[in-house]
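Encoded as structure tokens, the structure appears first; notes follow it.
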Amino acid sequence: MAPRANWKGFLRLSLVTCPVALYPATSDSEKISFNQLNRQTGHRIKYVKVDAETGDEVTNEDIVKGYELEKGQYIEVSKEELEEIALESTRTIEIDEFVDKSDIDARYLIRPYYIRPDGKVGHDAFAVIRETIREMNKVAIGRVVLTNREHIIALEPMDKGLVGTLLRYPYEVRSEAEYFDDIQDVKVTKDMLDLARHIVNQKAGRFAPEKFEDHYETALIDLINEKRAGKVIRPKERPKGENVVDLMEALRRSVGKEVGKQAAPAKADKPAKKPRKAAAGQKEMLMPIAGKKAAARETSAKKPAAGARRKSA
């Protein structure tokens with residue numbers, strides 16, 4: 001099933017316009033999630049919206065937005081009034097400028113989206129915009145409205161599409177001075193730097209996300225498997241941190257440790273175990289995890305559809 005777009009509208013560079021759709025580039029749906037239960041009954045907890053003063057439940061039709069001026073005093077704002085101030089970026093991503101990628105501070109990055117042409121028309125215009133950004137080796141900066149708020153968005157070419165990364169506004173980024181001013185000015189000696197550089201060189205490599213395993217997700221899978229099998233869960237002994245007294249000695253020991261790590265694979269009798277991916281671990285569950293895409297596909301393949309079930313919130 002094709003993913004559903006979070007936003008549909010137009011991408012515009014001056015007079016060049018094309019219809020586009022925007023999709024989230026990341027997902028947390030594959031991670032294990034928990035429901036809150038009543039310890040006494042084992043039933044799920046249900047949240048209801050109630051009047052803070054009367055305690056009565058309030059229906060969605062009777063709920064409006066309000067801005068608090070003072071304690072207990074609000075200015076109500078209707079849906080229609082919010083629609084009246086809708087910006088052009090509600091329906092159009094207007095490219096305002098082109099900047100170097102190095103100009104964008106990492107603190108301003110929020111989340112990435114994939115952008116592609118929407119429908120069968122506009123592919124030519126989309127290609128012109130994409131290849132212009134690629135040829136200039138720049139990042140295009142525009143604006144888009146998501147969840148009723150306008151965001152800055154940075155556009156970069158990726159393969160045949162675009163990646164749009166939402167950016168924060170300056171007022172959303174805290175000043176580093178609040179946190180760094182108290183850090184002491186320390187003189188780092190050349191010997192310390194030489195040892196530290198040696199450690200860095202031994203650990204140098206290329207970033208490959210597939211090398212990394214979500215250890216917490218794996219531990220959750222193991223925990224649920226053990227509980228499903230009726231095993232007794234015993235606390236594991238946690239490693240104790242070492243108290244560093246002599247910084248130079250710690251650096252020297254670190255160098256020796258890294259050298260030992262590099263030599264170990266050559267002496268090993270069997271190849272290193274590949275990290276287990278979270279998705280693969282989920283398939284090892286004694287029973288499928290409700291709500292997981294992989295589990296849903298396996299379940300649907302094993303038995304015929306018996307009518308769509310609505311998942312309770």
Side-chain angles (χ1 to χ4, degrees), residues 25-28 30-32 99-112 134 137-139 141 152 154-158 163-223 235-281:
T26 59
S27 171
D28 290 328
E30 295 301 321
K31 289 187 174 182
I32 289 178
V99 303
D100 291 332
K101 188 172 183 177
S102 59
D103 289 344
I104 302 176
D105 190 320
R107 293 174 297 175
Y108 286 80
L109 305 177
I110 302 179
R111 72 182 68 89
R134 196 193 308 272
N137 196 25
K138 297 282 188 179
V139 176
I141 304 295
I152 311 167
L155 307 173
E156 300 176 77
M158 175 179 278
V163 173
T165 304
L166 297 189
L167 304 178
R168 295 182 174 88
Y169 287 98
Y171 69 84
E172 297 178 281
V173 178
R174 293 173 176 171
S175 170
E176 69 279 5
E178 300 177 44
Y179 307 93
F180 298 164
D181 280 356
D182 294 347
I183 298 177
Q184 298 178 9
D185 293 324
V186 177
K187 178 66 175 177
V188 180
T189 67
K190 183 180 181 302
D191 289 343
M192 288 182 176
L193 281 176
D194 288 342
L195 286 170
R197 285 195 197 99
H198 192 65
I199 296 170
V200 172
N201 288 333
Q202 288 174 322
K203 287 179 171 287
R206 292 179 62 86
F207 177 66
E210 62 274 8
K211 291 193 304 186
F212 296 91
E213 177 187 358
D214 186 340
H215 294 292
Y216 185 70
E217 184 78 1
T218 301
L220 283 177
I221 293 168
D222 292 339
L223 172 64
K236 297 178 181 178
E237 185 176 345
R238 295 185 178 273
K240 297 178 181 179
E242 297 182 16
N243 190 18
V244 178
V245 178
D246 187 332
L247 184 55
M248 280 295 292
E249 178 60 23
L251 286 167
R252 290 192 186 97
R253 287 167 57 188
S254 296
V255 170
K257 181 180 178 182
E258 294 306 318
V259 170
K261 280 184 179 180
Q262 289 186 340
K267 299 178 181 178
D269 295 327
K270 53 185 177 181
K273 183 180 177 182
K274 292 184 179 180
R276 181 175 61 175
K277 295 181 181 179

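K203 pairs in a side-chain contact (heavy atoms from CB on, under 4.5 Å) with only one of the listed residues (V200, N201, I199), which is I199.
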Ignoring hydrogens and angles, write down the donor-acceptor pairs under 3.5 Å from the side chains of residues 177-193, residues two or more places apart or on other chains.
from : atom 1 : to   : atom 2 : distance (Å)
Y179 : OH     : R174 : NH1    : 3.3
T189 : OG1    : M192 : N      : 3.3
K190 : NZ     : D194 : OD2    : 2.8

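Under the 4.5 Å side-chain criterion, counting only non-hydrogen atoms from C-beta, V99 is not in contact with K138. Between V139 and D100 the shortest side-chain heavy-atom distance does not fall below 4.5 Å. Two residues are said to be in side-chain contact when any heavy atoms from C-beta on lie closer than 4.5 Å; D214 and K31 meet this criterion.
When every heavy atom of F207 is checked against every heavy atom of P209, the shortest pair comes out as CE2-CG, 3.4 Å.
Distance check: Y216 OH to L223 CG gives 8.5 Å after rounding to the nearest 0.5 Å.
A donor-acceptor pair under 3.5 Å is absent between the side-chain atoms of R111 and the main chain of T26, judged by distance alone. Formation of a donor-acceptor pair under 3.5 Å by the E213 side chain with backbone atoms of T218 is not found in this model. Of the possible polar contacts, one joining the D105 side chain to the R107 backbone as a donor-acceptor pair under 3.5 Å is found.
Applying the side-chain contact (heavy atoms from CB on, under 4.5 Å) rule to I152 yields the partners I141, L167, Y169; only residues at least two apart in sequence or on another chain are considered. In this view, V163 and P112, Y114, M158, T165 satisfy the side-chain contact (heavy atoms from CB on, under 4.5 Å) rule, not counting sequence neighbours.
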Next item on the list: Please step through salt bridge (charged side-chain N to carboxylate O under 4.0 Å, His left out) for the pair E156 and K101, ending with a clear verdict.
Entry: CA-CA 9 Å; E156 300 176 77; K101 188 172 183 177; 3.2 Å; yes
